[in-house]
Amino acid sequence: MLPLYEFLWSIFNNRMTLVVGAWAGLPLTVLLLIMFVRKKNRDERGWKIIGKASVISFLYFIVVANLLAKTVGTMVPDTLEVGYFFCGNVIQWLYDTMILIEIIAILIFRKIE
């Protein structure tokens, strides 16, 4: 394997990476839910900002999910088996970064509009 792929393989096959990703996702999810239910976001302007941020995070998800699908086949040689930790880490960190992008987009749109 290439050095970068070996590095990523070792990170995504680590139990601690999965635990850190799960604990990082919890406050991000709570923060996003709080942003959704705030009184300030229940008007037309707030829903418009959340809608735009959701579109951006969805587009990010589509692009990164397709990139991951293309690179996982290259990263995993035929002799290795993709296990629970690898799949769990990839999905968990994709979720975490998607939520983070939506939060950042909401904050940026709130400043712009």
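- Every residue two or more places apart in sequence or in another chain that forms a side chain to side chain donor-acceptor pair (under 3.5 Å) with K52 is listed here: E113.
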Run the side-chain donor-acceptor check on residues 17-38: report pairs under 3.5 Å with partners two or more places apart or on a different chain.
residue	atom	partner	partner atom	Å
T17	OG1	I11	O	3.0
T29	OG1	G25	O	2.7
T29	OG1	Y95	OH	2.6

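- Considering CD1 of I56 and CD1 of I104, their distance stands at 11.0 Å, rounded to 0.5 Å.
- Both L107 and F109 are members of a single hydrophobic cluster when ILVMFWY side chains are connected at heavy-atom separations under 4.5 Å.
- When hydrophobic residues (I, L, V, M, F, W, Y) are linked wherever their side-chain heavy atoms come within less than 4.5 Å, the members clustered with F58 are I62.
- How far CD1 of I99 is from OH of Y60: 11.0 Å, rounded to the nearest 0.5 Å.
- Interatomic distance, R45 CZ to I50 CD1, rounded to the nearest 0.5 Å: 11.0 Å.
- Scanning both residues, L94 and F61, for their nearest heavy atoms gives CD2-CE1, 3.4 Å.
- Considering CG of D43 and CD1 of I49, their distance stands at 8.0 Å, rounded to 0.5 Å.
- By the side chain to side chain donor-acceptor pair (under 3.5 Å) test, E102 pairs with S54, S57, sequence neighbours left out.
- No side-chain heavy atom of F86 sits less than 4.5 Å from a side-chain heavy atom of N14.
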